[in-house]
Amino acid sequence: MTRILIDGGEALYGEVDISGAKNAVLPILASCLLADEPMIISNVPHLHDVTTTMELLGQMGVYLTLDDRMRIQVNPSLIDSYIAPYELVKTMRASILVLGPLIARFGQARVSLPGGCQIGSRPVEQHIHGLRALGAQVSVENGYIKAQAKRLKGTRVSMDMVTVTGTENILMAAVLAEGTTIIENAAREPEVVDLANCLMAMGADIEGIGTSTLTVHGVERLHGTEYKVLPDRIETGTFLVGTAMTGGKVRTRGTRVDIMDAVLGKLEGAGAHISTGDNWIELDMRGKRPRAVNITTAPYPAFPTDMQAQFTALNCIAEGVAVITEKVFENRFMHTHELQRLGADIRLEGNTAIIKGVEHMSGAQIMATDLRASACLVLAGLVAQGETTIDRVYHIDRGYENIEEKLGMLGARIRRLPA
Ligand code: EPU
């Protein structure tokens, strides 16, 4: 199993290019199932989850080719299977995103139930509830969600909680439904907006994009288009936090400034100097130690749960005491136990972590438990004195493109050790 070795203590300096957003490209690739013509998706990040999605679509009969500019051509005209098998869904929960498109376009779908994961139980009853409201017959048999429908019928779907992939699934189902669907309490995450914009480019008719009420006027068909995936705000935030922790100065290029407010606000609270341009964000820490910042996660536009672990790492070496409250997932603090092995002072109380910043952490052997936990441990390794070895780093390849190359270019002493 590959490991990452970090020799801590180097501040990050320089410029880094931000990749396309994982959580946008996955639903956008799934949305290709809705088109009756080829699609071209560009700014695709080179990630394990993208490969898994390509494998999943490939098994359904979708023809996919990837060119050297990271553009995927997707030809959905020969689809002959409507199944997302357990073997793939268990490695990537986002496979559930094929459910909405399959039922909308082909009237049938058999998608494995994802089950729990490292960060919480993560049920999908809202996806099922929404599809049933649209007229699909949905049952759960032998671990699979089995859905059937002639043509879905527009209706009012009110989500009990804000769910990102739940909103995306219902949105993708509604675009080909007969009549108008109103999705209430919809997620407003920029990745949901990106999916909606892609669907519009394919000929969908959606009002209220970026708000919590989406009004979808169903259309007969969706055509092919070329669509560029938005930049990854979580990758951007991860590099900025690493820069703040190490006291360095880094410019993230090819990113989006307007979707980063909550994270940039907290970085300024930690003492960082932030400057921005059209598509770049620069963080200058001027060699200073960060100040502790309190964080409470919640759906967009509030502070994202996918940045919680990284800010937990920052607070471990910050000046002062921070309180971190995780409100989206019930078990997203696995990384705190590993951070304690590096010398962090963290106390867990339910969904809250109380962190007393220490002046130094020291390198140790630690283990990644999920994607964002991996990123947090890498950041901690950058500041821990001596060597840190992180096991199970395959998690990081699911969502960060060439992380060790990018950090290495910024001056980090980091390398991957062979299995
Ligand atoms: N929930 C339910 N029932 C449902 C759906 C959701 O109880 O039917 C609960 C979840 O258990 C959770 C909360 O609602 O407590 C929010 O979950 P959500 O459905 O929004 O999460 P998701 O759609 O499964 C996406 C991202 C996650 C990100 C969350 C929250 C993708 C592919 N994944 O997951 O990304 O953390 O939204 O923003 O978009 C990551 O990138 O590391 C990651 C985990």
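Each ligand, and each atom within it, is numbered from 1 in the order the structure gives.
If you look at Met92 next to ligand 1, there are no close heavy atoms at all, none under 4.0 Å. Heavy atoms from both the backbone and the side chain of Thr165 come within less than 4.0 Å of ligand 1. Using a 4.0 Å cut-off between heavy atoms, Lys22 contacts ligand 1 through its side chain alone, with no backbone atom that close.
Contact of the Ile182 side chain with the Leu214 side chain is not registered, since no non-hydrogen atoms from C-beta on lie closer than 4.5 Å. Residues Leu64 and Asn75 fail the side-chain proximity criterion, which asks for heavy atoms closer than 4.5 Å.
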Criterion side-chain contact (heavy atoms from CB on, under 4.5 Å) on Met60 and Asp80, from CA distance to verdict: CA-CA 6 Å; Met60 293 174 185; Asp80 56 4; 5.9 Å; no
Derivation and outcome, side chain to side chain donor-acceptor pair (under 3.5 Å), residues Thr255 and Thr236: CA-CA 7 Å; Thr255 190; Thr236 307; 2.8 Å; yes
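Checking only distances, Asn23 does come within under 3.5 Å of ligand 1, N or O to N or O. Checking only distances, Arg372 does come within under 3.5 Å of ligand 1, N or O to N or O. For the pair Asp306 and ligand 1, the shortest N or O to N or O distance falls below 3.5 Å. In terms of polar-atom proximity, Leu97 is not counted as a contact of ligand 1, lacking any N or O under 3.5 Å from an N or O of the ligand. Residue Thr305 has no N or O atom closer than 3.5 Å to an N or O atom of ligand 1. Between Gly166 and ligand 1, no pair of N/O atoms sits closer than 3.5 Å.
For the residue pair Asp397 / His48, no side-chain donor-acceptor distance below 3.5 Å is found, with atom types taken as modelled. For the 3.5 Å distance criterion, the side chains of Thr305 and Lys327 fail to qualify, holding no donor opposite an acceptor. Side-chain atoms of Arg233 and Tyr300 form no donor-acceptor pair, as typed in the model, at a separation below 3.5 Å. No side-chain donor from either of Glu207 and Thr215 sits under 3.5 Å from a side-chain acceptor of the other. Judged purely by distance below 3.5 Å, without hydrogens or angles, the side chains of Gln308 and Glu326 pair a donor atom with an acceptor atom. Residues Tyr227 and Asn43 have side chains that never bring a donor and an acceptor to within less than 3.5 angstrom of each other. For Thr389 and Gln365, the side-chain atoms include no donor-acceptor pair closer than 3.5 Å. Checked by atom type, the side-chain pair Thr2/Tyr394 shows no donor-acceptor distance below 3.5 Å.
Nearest non-hydrogen protein atom to atom 3 (N) of ligand 1 is Glu125 OE1, 3.0 Å. In terms of protein heavy-atom proximity, atom 19 (O) of ligand 1 is closest to Thr163 OG1, 2.7 Å. Scanning the protein heavy atoms around atom 10 (C) of ligand 1, the nearest turns out to be Phe329 CE2, 4.2 Å.
Atoms of ligand 1 lying under 4.0 Å from at least one heavy atom of Gln126, given by number and element, are 3 (N), 4 (C), 8 (O). Annotation for ligand 1: atoms under 4.0 Å from non-hydrogen atoms of Val328 are 12 (C), 13 (C), 15 (O), 16 (C). Per-residue contacts place Val124 under 4.0 angstrom from the following atoms of ligand 1 (heavy atoms of the residue considered): 4 (C), 8 (O).
Nearest-residue assignment for atom 34 (O) of ligand 1 (options Arg398, Met161, Arg122; heavy-atom criterion): Arg122. When the heavy-atom distances from atom 37 (O) of ligand 1 to Leu195, Asn169, Val164 are ranked, the shortest goes to Val164. Atom 7 (O) of ligand 1 has its nearest heavy-atom neighbour, among Pro114, Pro123, Pro299, Pro27, in Pro123.
At least one heavy atom of Arg332 sits less than 4.0 Å from an atom of ligand 1.
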